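Worksheet for the structure shown next.
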Amino acid sequence: MRYTIRETLVSSLEMSEKILETLGLSKASSIETVRRFRAHDEATMAKQQAVKDDESKFLQTTRESAEQAVATVRIRRRRSPRAYVRS
């Protein structure tokens, strides 16, 4: 495979940013959260591309990526718990 084109990624990220703002995050926090997710997602895609022919390694990178994403959200919530609560 030469290219991976994810046709709904950009619109999903834009929608996520707007949803985060609607939930009470500042515009800057929403943009930063989406930026971090995109960087995490791109790193995951690169890791998965490297092991695409080994199903067990591919699944392991998927699990690790999901755990990292959850941990990142938990860290942000501890640092700024009000950021996830609409006033």
Side-chain angles (χ1 to χ4, degrees):
M1 178 175 20
R2 248 183 154 165
Y3 304 102
T4 301
I5 299 173
R6 299 168 70 197
E7 61 188 60
T8 60
L9 178 64
V10 174
S11 60
S12 295
L13 294 174
E14 289 173 1
M15 182 173 43
S16 297
E17 183 183 319
K18 300 303 179 199
I19 289 169
L20 290 171
E21 286 181 56
T22 300
L23 291 173
L25 263 69
S26 69
K27 183 165 187 71
S29 291
S30 298
I31 290 169
E32 177 62 15
T33 299
V34 169
R35 186 199 64 76
R36 285 177 178 232
F37 174 81
R38 186 174 197 151
H40 170 79
D41 183 65
E42 288 172 357
T44 298
M45 291 292 290
K47 289 177 188 173
Q48 289 181 330
Q49 181 66 25
V51 297
K52 70 182 185 318
D53 296 323
D54 184 328
E55 184 177 0
S56 65
K57 287 182 181 178
F58 186 89
L59 292 173
Q60 183 61 32
T61 60
T62 302
R63 285 185 204 99
E64 290 169 357
S65 176
E67 290 167 4
Q68 290 169 353
V70 169
T72 299
V73 170
R74 285 186 180 140
I75 289 167
R76 278 187 61 81
R77 288 183 83 177
R78 273 188 255 140
R79 288 182 187 159
S80 182
R82 305 277 283 138
Y84 291 89
V85 178
R86 188 169 191 184
S87 302

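This structure is a prediction, so every number in the text was calculated from the model and none was measured. By convention here, the first residue in the shown sequence is residue 1.
Closest heavy-atom contact between Glu17 and Ile31: OE2-CG1, 3.5 Å.
Under the side-chain hydrogen bond (donor to acceptor under 3.5 Å, both in side chains) criterion, Glu42 pairs with Arg38, not counting sequence neighbours. A search for side chain to side chain contact (heavy atoms under 4.5 Å, CB included) contacts involving Thr62 returns Gln48, Phe58, not counting sequence neighbours. For Asp41, the side chain to side chain contact (heavy atoms under 4.5 Å, CB included) partners are Arg6, Leu9, Phe37, Met45, not counting sequence neighbours. For Thr8, there are no side-chain hydrogen bond (donor to acceptor under 3.5 Å, both in side chains) partners two or more places apart in sequence or in a different chain. Residues forming a side chain to side chain contact (heavy atoms under 4.5 Å, CB included) with Lys18 (at least two apart in sequence, or on another chain): Glu21, Lys27.
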Please report, to 0.1 Å, the donor-acceptor pairs under 3.5 Å made by any side chain of residues 63-71, with sequence neighbours excluded.
from  : atom 1 : to    : atom 2 : distance (Å)
Glu64 : OE2    : Gln60 : NE2    : 3.0
Ser65 : OG     : His40 : NE2    : 2.9
Ser65 : OG     : Thr44 : OG1    : 2.7

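In the hydrophobic clustering, where aliphatic and aromatic side chains (Ile, Leu, Val, Met, Phe, Trp, Tyr) are joined below 4.5 Å either directly or transitively, Leu59 stands alone.
Once rounded to the nearest 0.5 Å, the distance linking OG1 of Thr61 with CG of Asp54 reads 9.5 Å.
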